[in-house]
Amino acid sequence: MGTHVTINLFLTGTELILSKGAMNPVSKLVLIDGNSIAYRAFFALPLLSNSSGVYTNAVYGFTTMLLKILEEEKPTHLLVAFDAGKTTFRHKDYQEYKGKREKTPVELSEQLPLIKEVLDAFGIRHFEMENYEADDIIGTLANLAEKQQVETLIISGDKDLLQLVRDHVHVLIPRKGLSDTVRYDKKAVDDRYGLTPEQIIDLKGLMGDPSDNIPGIPGVGEKTALKLLHQFSSVEEIIAHIDQISGKKLQEKVREHQEQALLSKKLATIYCDVPLEMNIDDLIYTGYHLEKVLEIFKRLEFKSLLERFAKDSDEAAVIDVKEVKYMMATEDNLEQLAPFFQLERLAVFVEATAENPHRAEAIAFALSNGEESVYIPVSLALHWPEFQEWLADPNRSKVVYDSKKSKILLENMGLDIHGMQFDVLLAAYLLDPSETQLELSDVTDKYLGHILPSDEEVYGKGAKRQILEGEALAQHLARKAQAIYQLCPVLQQEIESAGLRSLLHELEMPLALILAEMEQRGVKVDQDRLHELGEELKKTLDQLTEEIYDIAGTEFNLNSPKQLGEILFDKLGLPVLKKTKTGYSTSADVLEKLAPQHEIVEKILHYRQVGKLYSTYIEGLKKEIGADGKIHTQFHQTITATGRLSSAEPNLQNIPIRLEEGRRIRQIFVPSEEGWYMLAADYSQIELRVLAHLSEDAALQKAFQEDQDIHTQTAMDVFGVSKEEVTPLMRRQAKAVNFGIVYGISDFGLAQNLNIPRKEAKTFIDRYFATYPGVKRYMDEAVEKARRDGYVTTLFNRRRYLPDIHSSNYNVRSFAERTAMNTPIQGTAADIIKFAMLHLDKEMKEKELKSRLLLQVHDELVFEVPEDELDLMKQLVPEIMEGTISLSVPLKVDIHYGKNWYETK
DNA sequence: GCACTCACG
DNA sequence: ACGTACGTGAGTGCC
């Protein structure tokens, strides 16, 4: 009615305007189906969110796709069309249109306004229109463009849009994910379907589309529909020649549903006469607004994109990274700089040749008072007594980033550092231990804004990494030192208000110094024994390889899960019990189930086991032995989300112990001095004891107060039997339940672990909670707290944020709930052993013991001890570890010693 | 660089 | 119906 009049008037108008726009020729038009691409992006990426909990995955995916289009297609004109409202003119014909479609998840719909903000920042037109879908807007413009012979590209995740393909109009569709795309012109449509673009409508009329609730003809899928169309060319023609359709059943179906097919075709037809009050010239793309782009990327925390834009642009430096004032210390101006050292507080940063301080050398220092910086090359630092005295003076405060690394680098060049009063890295970690981006530039971006370019930006990445020299290096280090100084008050404030002051100053910062000492001491390696074990394992490995090839009847790469899967499942026909994303699963739990069916499986399992020992623990460890015959691991203090340490280069927290064959690896770890002993002290059941304390469950507390074997006790309670009646199987199952409880139990997880039906697992859990109701209450409260506060805490107030606790995705939410249950337990245990390390270190220094702490393995401490301190340490270590913290249940420490780590059992 | 597998608590 | 046990680091294959 009125609509049609408008359209006619409008089209005339458009053509007039188009001809007027000849000064700005449209050489390439890109039309994007906004909702469809946002939808694709949302499901292609994990549910990312920025630090304020705003979901950003769809925005990110959309933006990267947009950037790719701008770069590759270089459009002169651009529009992103969105769907408006809930109903369209199509609902008049068919009320159920899109009826069964799942509601767009809130996590996605709340990102649409952000996508529009990004488009605004890029100066890209976006548009939506009451009663019409994005398709219709795109179709209308594409038709106009075709008339004008304007080269046009439509981008959508929806194949329906292929009906719009014309000589000048092409369609780009992401294949899977976002990066892989297919481009359709007329020929490509014909190659793919054997149809013209117009016939795509007929195709959908016949097939229907469940996602839009378009019925089509029931039972007709793509294959049948294509066959019919190749024969009759359109829905109307098919209906006109129903009796010529081959196959009686099909004929029946078409006859019965012909009206429905015609309606479906109508619904699938993109409406190309939308009364748009715009023309193609209005869609001109003139480039993005840098400041706006940087602002929104910063807000969304799109770091990689930020860097890309900051780097590509000359203006970026002006906008963001200011030059910093600095002086370069030289032989001649030392006196001039001396007053600097009288300041109450200075930031100090030391740059090194590599990440790992045990294999790096210091290059230069930078000091800052927040406004001015001083750059000091190492060569100068080494003979500048005033500087060295300042470093070593505990009464002159230093602010640092990474005190552990700084201390190691300095000590390796013979310098002492004391008075590190604030560690920016540790503070940032405690404020959010889930944060994986903790480089200085990341911390600065987060708390101060972009005033410091990242090392990667300045030095380059990977093989291209090249530490600068001269002024460029001085400027960068001056910026770093200034950033550290300026971060201090900001982080201090944050730490204070989060109640993390004592955790930072009385736990993590002093611990960093102890860890530095442990790393520097290193652990001595018995290299003869290492070679011996290596030879032995190699022999076993060769023999197993030969036997496996023999049984398989062919040689293949045993280390390739892909090739192994082909042998086991294709060649030998073993049943496929589990699949991975990419193919057959050949993991140990699968192979163990297959072992009875074929002799080869057991040998493969053994090969895997020995192969792991050889490559990771023989060859791997050999590479890590230093010139001093020792291994110097790094204990990372800011990696885990729970507060535990981690160990790397090499990891000394995962040296084999469970199987005897691997356990012998521990024989290579020996005391560094003749006649000394290795001594290991481990907390017994610390996590369950912590649980007993946190949950205040009377029965669990009683079990520990009476020092019962906890797994046997759990078996008695859960199975309702006496101690004597507990079978080894019952104890094993009870043990798995206890593990499950600590991990935040689910019947599914327990069932998988015990290889029992899920129902049975559920019974175990129900009985457990009936026996220990306090534990049940604690678990519920932990989840409740996470929902209420957004985070959970340990006994010592270490916190971990759990934004996913509110997710509408069951899996994501469940994971967060289990984390809410597990983190206070694992984290409190981590806090306790850290405190114990502090107390032990203090005690050992006061007593002037020669014994040394070497390793921490989560619930275990490993020392090297001279023979004459053995008795003392055997008594002192458990006493301090058990007495560090007083809980409602006792802590218990077991102690072992021997001539190497293996013997400490 | 990612997927898979496996070593530890 | 969904479909994971919690926390790590390292070696290998393969794109």
Side-chain angles (χ1 to χ4, degrees), chain A residues 102 433-434 436 461-462 556-565 578-591 604-605 607-621 623-624 633-636 639-659 661-663 665-666 682-687 691 736-754 758 761 765 792 800 808-827 829-830 833 855-861:
Chain A
E102 297 252 329
S434 304
T436 52
K461 195 171 136 173
F556 61 101
N557 189 341
L558 264 165
N559 290 322
S560 160
K562 186 160 169 270
Q563 294 185 33
L564 179 61
K578 196 163 100 181
K579 289 192 137 196
T580 66
K581 272 179 254 173
T582 52
Y584 308 123
S585 170
T586 65
S587 63
D589 61 323
V590 172
L591 296 187
I604 290 166
L605 278 164
Y607 173 89
R608 281 257 179 93
Q609 189 201 320
V610 179
K612 177 85 177 176
L613 294 176
Y614 190 73
S615 66
T616 304
Y617 298 103
I618 300 293
E619 292 302 323
L621 287 178
K623 292 183 200 131
E624 305 285 348
T633 184
Q634 293 184 77
F635 289 105
H636 290 144
I639 295 286
T640 73
T642 56
R644 276 189 176 181
L645 301 177
S646 82
S647 157
E649 293 184 72
N651 183 352
L652 291 186
Q653 289 181 323
N654 73 346
I655 303 300
I657 188 166
R658 292 174 190 169
L659 299 170
E661 199 166 5
R663 188 175 200 154
I665 299 286
R666 295 187 170 223
D682 67 287
Y683 280 112
S684 160
Q685 303 298 347
I686 188 166
E687 291 191 340
L691 175 61
V737 173
N738 279 329
F739 270 104
I741 291 293
V742 169
Y743 292 158
I745 198 146
S746 75
D747 50 11
F748 186 90
L750 182 64
Q752 189 169 296
N753 185 280
L754 280 177
R758 197 169 140 175
I765 295 169
V792 290
R800 175 177 184 181
S808 58
N809 179 319
Y810 173 87
N811 275 325
V812 173
R813 187 176 64 248
S814 302
F815 190 13
E817 289 169 359
R818 291 195 298 275
T819 312
M821 303 183 225
N822 168 265
T823 295
I825 303 173
Q826 190 182 120
I833 193 165
L855 298 173
Q856 188 252 41
V857 194
H858 310 307
D859 64 354
E860 174 187 12
L861 297 175

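Lettering of chains follows the sequences in order, A, B, ..., and the numbering in each one begins at 1. When reading the values below, keep in mind they use all heavy atoms of this one structure, side chains included, and skip hydrogens, waters and symmetry mates.
- If you check every strand for non-hydrogen atoms under 4.0 Å, A:Leu645 touches nothing.
- Side chain of A:Gln653 to main chain of A:Ser647: a donor-acceptor pair is present (N/O by atom type, distance under 3.5 Å, no hydrogens or angles).
- Rounded to a whole angstrom, the distance from the P atom of C:dT4 to that of B:dT5 is 14 Å.
- Residue-level contact check: A:Arg663 touches neither bases nor backbone, having no heavy atom under 4.0 Å from any strand.
- In this entry the distance linking NE2 of A:His636 with C1' of B:dG9 reads 18 Å, nearest Å.
- For A:Arg663, the salt bridge (Lys or Arg N to Asp or Glu O under 4.0 Å) criterion is met by no residue, not counting sequence neighbours.
- Across all strands shown, A:Glu649 has heavy atoms under 4.0 Å from sugar-phosphate atoms exclusively, and none from any base.
- Contact check for A:Ile665 versus A:Leu613: side-chain heavy atoms found under the 4.5 Å cut-off.
- With C1' as the reference atom, B:dC2 and C:dA5 are 24 Å apart, rounded to whole Å.
- Nucleic acid contact class of A:Val857 (heavy atoms, under 4.0 Å, all strands): sugar-phosphate only.
- With DNA chain C read from its 5' end, the first of the two nearest nucleotides for A:Leu621 and A:Arg644 is the one closest to A:Arg644.
- Residues satisfying the side chain to side chain contact (heavy atoms under 4.5 Å, CB included) criterion with A:Ser587, sequence neighbours excluded, are A:Lys578, A:Ser585, A:Asp589, A:Val590.
- Residue contacts for A:Thr823: at a heavy-atom cut-off of 4.0 Å it reaches no nucleic acid atom on any strand shown.
- Listed by chain and number, the residues in a side chain to side chain contact (heavy atoms under 4.5 Å, CB included) with A:Ser560 are A:Asn557, A:Lys562, A:Gln563 (sequence neighbours excluded).
- A:Tyr810 meets the ring-ring contact (aromatic ring centres under 6.0 Å, His included) test with no other residue; sequence neighbours excluded.
- As judged by a 4.0 angstrom heavy-atom cut-off over every strand, A:Ala751 is placed among residues making no nucleic acid contact.
- Interface limits on DNA chain C: the 5'-most and 3'-most nucleotides within less than 4.0 Å of chain A heavy atoms are C:dC2 to C:dC14.
- Residues forming a salt bridge (Lys or Arg N to Asp or Glu O under 4.0 Å) with A:Glu860 (at least two apart in sequence, or on another chain): none.
- Residue A:Ala641 is in sugar-phosphate contact alone, with no base atom involved, counting any heavy-atom pair closer than 4.0 Å across all strands shown.
- Among the atoms of the strands shown, none is found under 4.0 Å from any heavy atom of A:Glu619.
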**OP:** Any chance you could list the contact pattern along nucleotides 1-7 of chain B? Use B for base contacts, S for sugar-phosphate-only contacts and - for none, protein heavy atoms under 4.0 Å, 5' to 3'.
**Re:** S-SSSBB
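- Remark: A:Ile833 pairs with A:Tyr683, A:Gln856, A:Leu861 by the side chain to side chain contact (heavy atoms under 4.5 Å, CB included) rule, at least two apart or across chains.
- Using a 4.0 Å cut-off between charged nitrogen and carboxylate oxygen, A:Arg644 and A:Glu687 count as a salt-bridge pair.
- Contacts of A:Ala588 classified as side chain to side chain contact (heavy atoms under 4.5 Å, CB included), with partners at least two apart in sequence or in another chain: A:Glu592, A:Leu605.
- Under the 4.5 Å side-chain criterion, counting only non-hydrogen atoms from C-beta, A:Val610 is in contact with A:Glu661.
- In this structure, A:Leu861 places its CG atom 16 Å from C1' of B:dC8, rounding to the nearest Å.
- Within 4.0 Å (heavy atoms only), A:Tyr810 reaches at least one base atom of the nucleic acid.
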**OP:** Under 3.5 Å for both distances, Watson-Crick or G-U wobble, that's the pair rule; now give the dot-bracket for DNA chain C, with | marking pairs to another strand and [ ] for crossing ones.
**Re:** .....|||||||||.
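- Base engagement by A:Asn753 is indicated by at least one non-hydrogen atom pair under 4.0 Å involving a base atom.
- Among the atoms of the strands shown, only primed sugar atoms or phosphate atoms (P, OP1, OP2) are found under 4.0 Å from some heavy atom of A:Asn557.
- Listed by chain and number, the residues in a side chain to side chain donor-acceptor pair (under 3.5 Å) with A:Asn738 are A:His711, A:Thr714 (sequence neighbours excluded).
- The separation of C:dG3 from B:dC6, taken at their C1' atoms, amounts to 23 Å, rounded to a whole angstrom.
- Contact annotation for A:Gly740: base contact, defined as any heavy-atom pair under 4.0 Å involving a base atom.
- Annotation: ring-ring contact (aromatic ring centres under 6.0 Å, His included) contacts of A:Phe815 (sequence neighbours excluded): none.
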